[in-house]
Chemist: 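Provided herewith is a single structure, encoded as structure tokens, for subsequent inquiry.
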Amino acid sequence: MQERRFARGACIAGAGQPVEHWMALIDGFAKMSVASEGGRVSTLTGVSAGVWFGEGSLIKHEARRYDVFALRPTRVALMPRRTFEWLRETSIAFNHYLQELLNARLSLFIGALAHERLLDTDARVAHCLASLFNPELYPDAPRQLQVGQIEIGLLANVSRQRVNVALQRLQALGLIRLERRGLTVLDLPGLDGFRAAYGSDPASRDAGAARRA
DNA sequence: GCATTAACCACCG
DNA sequence: CGGTGGTTAATGC
């Protein structure tokens with residue numbers, strides 16, 4: 001295997017490029033994103049230390065489907081296609097690991113889709129943060145995240161200003177602590193299970209009940 | 001009603 | 001100074 005280093009903002013892997021390696025973050029932080037023909041960009045998820053990615057395109061022998069950008073200085077491990085295929089052909093344990101990885105990622109994206117459609121903005125931001133610490137995908141992630149509010153907005157698909165108010169509400173509830181250019185998660189289960197606190201008037205409670213249902 | 005954009009200001013390295 | 005964070009006013013769905 002090889003190791004490569006990327007500066008903040010550098011493109012680790014680009015959509016459309018041929019895929020010849022299975023990749024993993026050794027340290028640092030990156031984001032996966034896609035762009036439309038018109039140049040509009042949507043960030044799909046964050047990638048932190050310990051996360052493997054790119055196995056889908058590697059298995060299907062197709063060009064990469066998304067871009068990966070470093071959000072801070074990042075080291076990446078690259079496993080050549082031949083090694084990846086040899087492991088797939090010879091190791092049951094390796095195949096089990098791959099299944100668990102794919103399963104965890106599937107549940108991550110299904111969960112994100114459900115939250116996107118069912119939850120209000122504060123809860124979406126909370127869940128987006130919590131998903132970055134998914135223990136299945138990120139075995140021993142530190143609870144400190146060095147990502148600014150603009151990037152959190154891109155990850156959660158919410159404007160930077162709205163992210164700011166959501167983060168401050170989460171901080172007021174003791175779920176996170178805001179820092180300059182980052183934050184620390186204080187209560188991961190609480191963050192993952194966060195739902196909006198509704199006002200005291202009956203109308204908004206009904207709306208809340210409908211959304212919860 | 002709520003989120004978005006734009007703009008402004010304060011803070012910090 | 002530029003980047004980041006906190007806030008507010010105008011606009012749109």
Side-chain angles (χ1 to χ4, degrees), chain A residues 5-12 25 27-49 66-75 108-133 141-188 190-213:
Chain A
R5 289 164 188 272
F6 295 88
R8 181 179 149 88
C11 180
I12 294 171
L25 248 67
D27 56 32
F29 192 75
K31 65 174 176 183
M32 280 179 42
S33 62
V34 289
S36 69
E37 300 133 29
R40 281 168 27 92
V41 177
S42 175
T43 299
L44 301 175
T45 186
V47 182
S48 57
Y66 46 79
D67 298 304
V68 181
F69 289 99
L71 294 183
R72 51 192 169 93
T74 296
R75 284 192 304 153
L108 172 75
F109 281 112
I110 293 286
L113 189 58
H115 282 88
E116 175 88 26
R117 294 182 175 182
L118 295 175
L119 300 184
D120 66 284
T121 304
D122 289 338
R124 291 210 315 273
V125 172
H127 177 258
C128 175
L129 288 177
S131 71
L132 295 178
F133 297 92
R143 292 291 160 92
Q144 209 273 342
L145 188 63
Q146 275 181 51
V147 173
Q149 299 183 359
I150 303 143
E151 288 297 341
I152 294 174
L154 293 174
L155 289 167
N157 203 29
V158 174
S159 70
R160 186 212 115 216
Q161 293 90 325
R162 188 59 184 79
V163 164
N164 185 261
V165 326
L167 290 180
Q168 290 194 41
R169 284 174 188 165
L170 298 176
Q171 176 172 245
L173 292 169
L175 301 175
I176 61 175
R177 181 176 57 247
L178 292 179
E179 294 141 14
R180 192 161 186 82
R181 275 196 61 77
L183 57 86
T184 297
V185 175
L186 302 176
D187 178 0
L188 184 54
L191 196 59
D192 199 31
F194 173 83
R195 297 296 180 273
Y198 297 105
S200 52
D201 62 297
S204 68
R205 261 207 303 278
D206 289 345
R211 260 177 286 177
R212 278 191 297 275

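In the text below, chain A, chain B and the rest are named by the order of the sequence lines, each starting its count at 1.
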Chemist: Using every non-hydrogen atom in the two residues, find where A:Ile176 and A:Val185 come nearest and quote the distance to one decimal.
Modeler: CG2-CA, 4.3 Å

Chemist: Over the length of the helix from B:dG1-C:dC13 to B:dG13-C:dC1, how much do the five-pair end axes diverge, rounded to 10 degrees?
Modeler: 10°

Chemist: Can you tell me the distance, in whole Å, between the CG atom of A:Leu183 and the P atom of C:dG6?
Modeler: 11 Å

Chemist: Please report the distance, rounded to the nearest Å, between CG in A:Leu71 and P in C:dG3.
Modeler: 16 Å

Chemist: Side chains of A:Arg160 and A:Ile152: closer than 4.5 Å at any heavy-atom pair?
Modeler: no

Chemist: Does the distance from a Lys or Arg side-chain N to an Asp or Glu carboxylate O, for A:Asp120 and A:Arg195, drop under 4.0 Å?
Modeler: no

Chemist: A side-chain contact here means heavy atoms from C-beta on lying under 4.5 Å apart; do A:Leu132 and A:Leu155 qualify?
Modeler: yes

Chemist: Does any non-hydrogen side-chain atom of A:Gln171 lie less than 4.5 Å from one of A:Leu167?
Modeler: no

Chemist: Think A:Gln149 has a side-chain N or O under 4.0 angstrom from the OP1 or OP2 of C:dG3?
Modeler: no

Chemist: Of all heavy-atom pairs between A:Arg72 and A:Thr74, which one has the smallest distance, and what is that distance?
Modeler: O-OG1, 2.6 Å

Chemist: A:Val41 and A:Ser33: which non-hydrogen atoms are nearest, and at how many Å?
Modeler: CG1-CB, 4.1 Å

Chemist: A:Gln146 has an atom CD; how far is it from atom C1' of C:dG3, in whole Å?
Modeler: 15 Å

Chemist: Carefully, step by step, assess A:Leu145 and A:Phe133 under the rule side chain to side chain contact (heavy atoms under 4.5 Å, CB included).
Modeler: CA-CA 10 Å; A:Leu145 188 63; A:Phe133 297 92; 4.0 Å; yes

Chemist: So if I define the base as every atom that isn't primed, P, OP1 or OP2, how would nucleotides 2-13 of chain B read as a B/S/- string at a heavy-atom cutoff under 4.0 Å?
Modeler: -SSBBB---B--

Chemist: What is the distance, to the nearest angstrom, from the CZ atom on A:Arg8 to the P atom on C:dT4?
Modeler: 5 Å

Chemist: Does a side-chain N or O from A:Asn164 land closer than 4.0 Å to OP1 or OP2 of C:dG6, or not?
Modeler: yes

